[in-house]
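Accompanying notes for the structure given below.
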Number of protein chains: 2
Amino acid sequence: MRSSKKKILNDFKEYLKRENLKFTPQREEILNEILKTKGHFEVEDIVYSLKNKKKNVSRATVYRTLAILKDLGIVNEVIKYKNKTIYELGLTKHHDHLICVNCGKIIEFFNSKLEKLQDKICKDYSFHPMSHRLEIYGLCKDCYDNQNKIS
Amino acid sequence: MRSSKKKILNDFKEYLKRENLKFTPQREEILNEILKTKGHFEVEDIVYSLKNKKKNVSRATVYRTLAILKDLGIVNEVIKYKNKTIYELGLTKHHDHLICVNCGKIIEFFNSKLEKLQDKICKDYSFHPMSHRLEIYGLCKDCYDNQNKIS
DNA sequence: ATGGTTGCAAAATGTTTGCAATGGC
DNA sequence: GCCATTGCAAACATTTTGCAACCAT
């Protein structure tokens, strides 16, 4: 495993200590829940899972903890979709998304040329990039084939 | 002018007729306001401008009209930033965005190499692209300089 | 006159915040 | 014991919606 749960937990604890924050059961539960989630998630997912497990963690605490985890880089905001924020575990290698507008499938990809080209563009505009998000919308192979079969 | 205001207005009227919708003074005022805006805008900008001109158009109507204009392709949602939607006139040539996380400034750019590279990537994944959105977050020159001045 | 449209206010949604009680360290 | 943290509810911000009056066609 690239980054073990143990290591992440330690990073989290160290970060909290460094920032003079406290390691609480709630924060631990939230982190655990996020680590269990392999893909994308939103606040409500975490609240719901914890409630199901009879762990009492308030929605406010989830929001507050996510803010910390975001600062730490353990989670990233992926996108605001339908007025709500979607997060992902930020430990995986950076990647972009191909999103099928028909079936909703999300294909992840990474292309270093693309990354370099973006850096060059930023330089041209004297812009100092911190992160980026590329979403390409269209039809995945299956949906494209199906569509052409029918018509 | 690539697409005159007159033509857009006509497109709008035709679309409304086709969809069995009505051309109302409010819809005309909203469209005019949007056409006057050269760059990005949000709902509040439109509401505020119209109020200043003593044109009585409710916020609800602005939202409802924007939904129509979005379907028609006259406006596009650019991003959801800080939980609010930012729009732009959708008639301009395709471009991507550099977004300053400090001052919120949005810089537009277009790079044909980038477009071609994306097409290639899609081909590699047998994905048939229809549109895309690239947002690069970071610091604009001014904010970057200011930040480094202080510390 | 018919049926879409409007403004309003209320509701819905997602997120943030003030505060008293709690609990890490 | 200090001070960050928590849960709660209230506050906020944006967007959506129900409804009665209205108006474009």
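Sequence lines set the chain letters: A, B, ... in the order given, protein chains first and strands last, and positions in each chain run from 1.
- With DNA chain D read from its 5' end, the first of the two nearest nucleotides for B:Thr85 and A:Val57 is the one closest to A:Val57.
- For A:Phe110, the CZ atom sits in a packed shell: over 12 heavy atoms of surrounding residues, nucleotides or ligands are nearer than 6.0 Å.
- The number of heavy-atom neighbours closer than 6.0 Å to NZ of A:Lys113, taken from other residues, nucleotides and ligands shown, is 12 or below.
- Note that NZ of B:Lys51 and CG of B:Asn56 are 9.0 Å apart. Values are rounded to the nearest 0.5 Å.
- In this structure, the side chains of A:Arg27 and A:Ile68 come closer than 4.5 Å at one or more pairs of heavy atoms.
- Remark: P of D:dT5 and CG of A:Leu66 are 15 Å apart, rounded to the nearest angstrom.
- Of the two residues near DNA chain C, A:Ala60 and A:Glu42, the one whose nearest nucleotide lies more 5' is A:Glu42.
- Taking atom CD1 of B:Ile46 as the reference point, atom C1' of D:dT14 lies 16 Å away to the nearest angstrom.
- With a cutoff of under 4.0 Å to any heavy atom of chain B, the contacted region of DNA chain C is bounded 5' to 3' by C:dG3 to C:dT15.
- In terms of position along DNA chain D, the nucleotide closest to A:Thr61 lies nearer the 5' end than the nucleotide closest to the other residue of the pair B:Lys84 and A:Thr61.
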Within the sub-3.5 Å range, which N or O atoms of nucleotides 23-25 of chain D have a protein N or O partner, and how far apart are they?
| from | atom 1 | to | atom 2 | distance (Å) |
| --- | --- | --- | --- | --- |
| D:dA24 | O3' | B:Phe23 | O | 3.3 |
| D:dA24 | N3 | B:Lys22 | NZ | 3.4 |

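- Considering only side-chain N and O atoms, A:Ser58 lies nowhere under 4.0 angstrom from the phosphate OP1 or OP2 of D:dT6.
- Between the CG atom of A:Leu50 and the P atom of D:dT6 there is a distance of 12 Å, given to the nearest Å.
- Taking atom OH of residue B:Tyr87 and atom C1' of nucleotide D:dT14, one finds them 10 Å apart after rounding to whole Å.
- Remark on DNA chain C: of its neighbouring residues B:Asn83 and B:Asn56, the 5'-side contact belongs to B:Asn56, judged by nearest-heavy-atom nucleotide.
- Applying the side-chain contact (heavy atoms from CB on, under 4.5 Å) test between B:Leu9 and each of B:Lys7, B:Lys5, B:Lys13, B:Lys6 identifies B:Lys13 as the sole match.
- No side-chain heavy atom of A:Ile121 sits under 4.5 Å from any side-chain heavy atom of A:Phe127.
- Between the CZ atom of B:Arg27 and the C1' atom of D:dC22 there is a distance of 14 Å, rounded to whole Å.
- One atom, CZ of A:Arg59, and another, P of D:dT6, lie 16 Å apart when rounded to the nearest Å.
- Heavy-atom contacts from other residues, nucleotides or ligands closer than 6.0 Å to CZ of B:Arg133 number more than 12.
- Atom CD of A:Glu19 and atom P of D:dT5 are 10 Å apart (whole Å).
- Connection of B:Val57 to B:Val47 is established within a shared hydrophobic cluster, with ILVMFWY side chains joined at heavy-atom distances below 4.5 Å, either directly or through further cluster members.
- For D:dT16, neither phosphate oxygen OP1 nor OP2 lies less than 4.0 angstrom from any side-chain nitrogen or oxygen of B:Tyr63.
- Within the 4.0 Å cut-off from OP1 or OP2 of D:dA4, not a single side-chain nitrogen or oxygen of A:Arg64 is found.
- Side chains of A:Tyr87 and A:Asp45 form no contact here, defined as non-hydrogen atoms less than 4.5 Å apart.
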